[in-house]
Protein chains: 2
Amino acid sequence: MDEETDGIRPSRLPTRELDAADRRLLGVLVDDATVSYAELGERAGLSAPAAHERVKRLRRSGAIRQTSAIIDPKAVRKPLLAFVHVDTRGWGKTPELMAISKYPEVEEIHSVAGDTCMLLKVRTEDTRALEGLLARIYEVPGVVTTRSYVALSTYLERPVQPGATKEWPAPRHMAQPIY
Amino acid sequence: MDEETDGIRPSRLPTRELDAADRRLLGVLVDDATVSYAELGERAGLSAPAAHERVKRLRRSGAIRQTSAIIDPKAVRKPLLAFVHVDTRGWGKTPELMAISKYPEVEEIHSVAGDTCMLLKVRTEDTRALEGLLARIYEVPGVVTTRSYVALSTYLERPVQPGATKEWPAPRHMAQPIY
DNA sequence: GCTGAAAGCAAAGAATA
DNA sequence: TATTCTTTGCTTTCAGC
């Protein structure tokens, strides 16, 4: 069903700007990617073939990275969510640290600006498993400290939204930046 | 294509434990939810109808929350990712704070344990838009401080993985917990 | 849970505006 | 460029085992 025929393309084409119809298509597909192209076109104000053609283009251009089933973490026994700040000696992004990507508990790895070097999002079965994961992280050369923020409740968690807030009326008390 | 016929069920059934075949199905669908049931069954070692039946069950039970298109943030002009720690006076989870859910820039809202109350994951077009969002957050009654961690690079970002690390061989220097 | 048949939908093309 | 129509092929779906 997918066109994974060529492994040649560098997977990111000269990304043209998305128009309003593309945004509407993305909005529907982010919400529910199981709709038929007929319904997709209907919801986005396009014919089925037009919708299909545009979605293929969105996939080829990389605007749609993938279509994925979103799993309930509790169903796969990972009820514990934590954000781990990792402080390192020297530059944080080492191959050794990246090796933790292989653990399915690790969902995100970012380097960040602020009072820490790296930021991880991890999901584990319980505090014991989190402790084990932290132990592994501490074994990585260069890792100095970690600070973990364990999620007590999650009130919102959703994929990247295509919509953008149109205008931010700057608070009146805020000075105007020159850039 | 979807069975959203009844709005009666509380959307979380007595979740039975997933077996190995369910895990395999989830593994395939997290990676690519566009596969046909024929191919899905093949990859998971099941016939197409069996795969279909199990996937329907996984959807009904809530183990599969939704099927979603994963969008490239850059394609929708949100290249700037930030994690915002919000400190509040009193209890953080107020309806006023939750109101920021309506901004598509806000992807996650968690209450956390640690030296902050709430943790947000937000994506904006640029630093100016982030500033505007922070200004909105500061306008929420009870918000005292925010600390933002702007992502410099993202090295890993993926959906909830069905797999679990089997055994964590506890480092030898670590004392055994009684629980 | 597997097999095999019927209905439905998707993918590709041609003609048109 | 988007639409409609058509056709081919595949997928889903439901029967029975």
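Just so it is clear, the model here is predicted, and its values are computed rather than measured. What you see below is based on every heavy atom in this structure, not just the backbone, and it leaves out hydrogens, waters and symmetry mates. Within every chain, numbering begins at 1; the chains are lettered A, B, ... in the order of the sequence lines, protein sequences first and strands thereafter.
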> Kindly say whether A:D126 contributes a backbone atom to a donor-acceptor pair with the side chain of A:R77 at under 3.5 angstrom?
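Side chain of A:R77 to backbone of A:D126: no pair is present.
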> Count I, L, V, M, F, W, Y as connected when their side-chain heavy atoms are under 4.5 Å apart, and connections chain through other members. Are B:F83 and B:I137 then in the same cluster?
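Looking at the clustering, B:I137 is in a separate group from B:F83.
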> Contact between A:E105 and A:R136 at the side-chain level, heavy atoms closer than 4.5 Å - yes or no?
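Answer no - side chains too far apart.
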> Got a minute to check which stems DNA chain C is part of, using Watson-Crick or G-U wobble pairs under 3.5 Å, three or more consecutive?
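Result, WC/G-U stems under 3.5 Å: C:1-5 with D:13-17, C:7-17 with D:1-11.
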> Evaluate the criterion side chain to side chain contact (heavy atoms under 4.5 Å, CB included) for residue pair A:R43 and A:R24; output intermediate values, then yes/no.
CA-CA 8 Å; A:R43 289 203 211 175; A:R24 288 196 300 270; over 6 Å; no
> Distance check, rounded to the nearest 0.5 Å: B:Q66 atom CD versus A:I70 atom CD1?
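Between B:Q66 CD and A:I70 CD1, I get 5.5 Å after rounding to 0.5 Å.
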> Would one find a side-chain N or O of A:K56 under 4.0 angstrom from OP1 or OP2 of C:dA10?
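For C:dA10, OP1/OP2 do not have a side-chain N/O of A:K56 under 4.0 Å.
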> Is there a continuous path of hydrophobic side-chain contacts, each under 4.5 Å between heavy atoms, that joins A:L81 to B:Y149?
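Yes: a chain of side-chain contacts under 4.5 Å links A:L81 to B:Y149.
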> Can you check the B:E42 CD to C:dT3 P distance for me, whole Å?
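From B:E42 CD to C:dT3 P: 13 Å.
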> Please state how far atom OH in B:Y37 lies from atom P in D:dC14, giving the value in whole angstrom units.
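For the pair B:Y37 OH and D:dC14 P, the rounded distance is 12 Å.
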> How many whole angstroms separate atom CD of A:E53 from atom P of D:dT1?
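It works out to 10 Å between those atoms.
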> Does C:dA11 have OP1 or OP2 under 4.0 Å away from a side-chain N or O of A:H52?
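The answer is yes; a side-chain N or O of A:H52 sits under 4.0 Å from OP1 or OP2.
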> Less than 4.5 Å apart, side chain to side chain, heavy atoms only: is that true for B:R57 and B:D22?
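Yes. Closest side-chain heavy atoms under 4.5 Å.
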> Dump the pairs, protein N or O against N or O of nucleotides 3-7 of chain D, anything under 3.5 Å, distances to one decimal.
unit_1 : atom_1 : unit_2 : atom_2 : d
D:dT3  : OP2    : A:S47  : N      : 3.2
D:dT3  : OP2    : A:S47  : OG     : 3.0

> Any side-chain heavy-atom pair from B:R147 and B:D115 closer than 4.5 angstrom?
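When only atoms from C-beta onward are counted, B:D115 and B:R147 do touch, with a gap below 4.5 Å.
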> Report yes if a side-chain nitrogen or oxygen of A:S36 is closer than 4.0 Å to either non-bridging phosphate oxygen (OP1 or OP2) of C:dA10; otherwise report no.
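Result: yes.
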> Using distance alone, with no hydrogens and no angle criterion, decide if B:T146 and B:Y138 have a side-chain donor and acceptor under 3.5 Å apart.
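Per modelled atom types, B:T146 and B:Y138 side chains form a pair under 3.5 Å.
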> Under 4.0 Å between a side-chain N or O of A:R54 and OP1 or OP2 of D:dA2?
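Yes.
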> Would you mind reading off the distance between B:E39 atom CD and C:dA10 atom C1', rounded to a whole angstrom?
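Roughly 16 Å, once rounded to whole Å.
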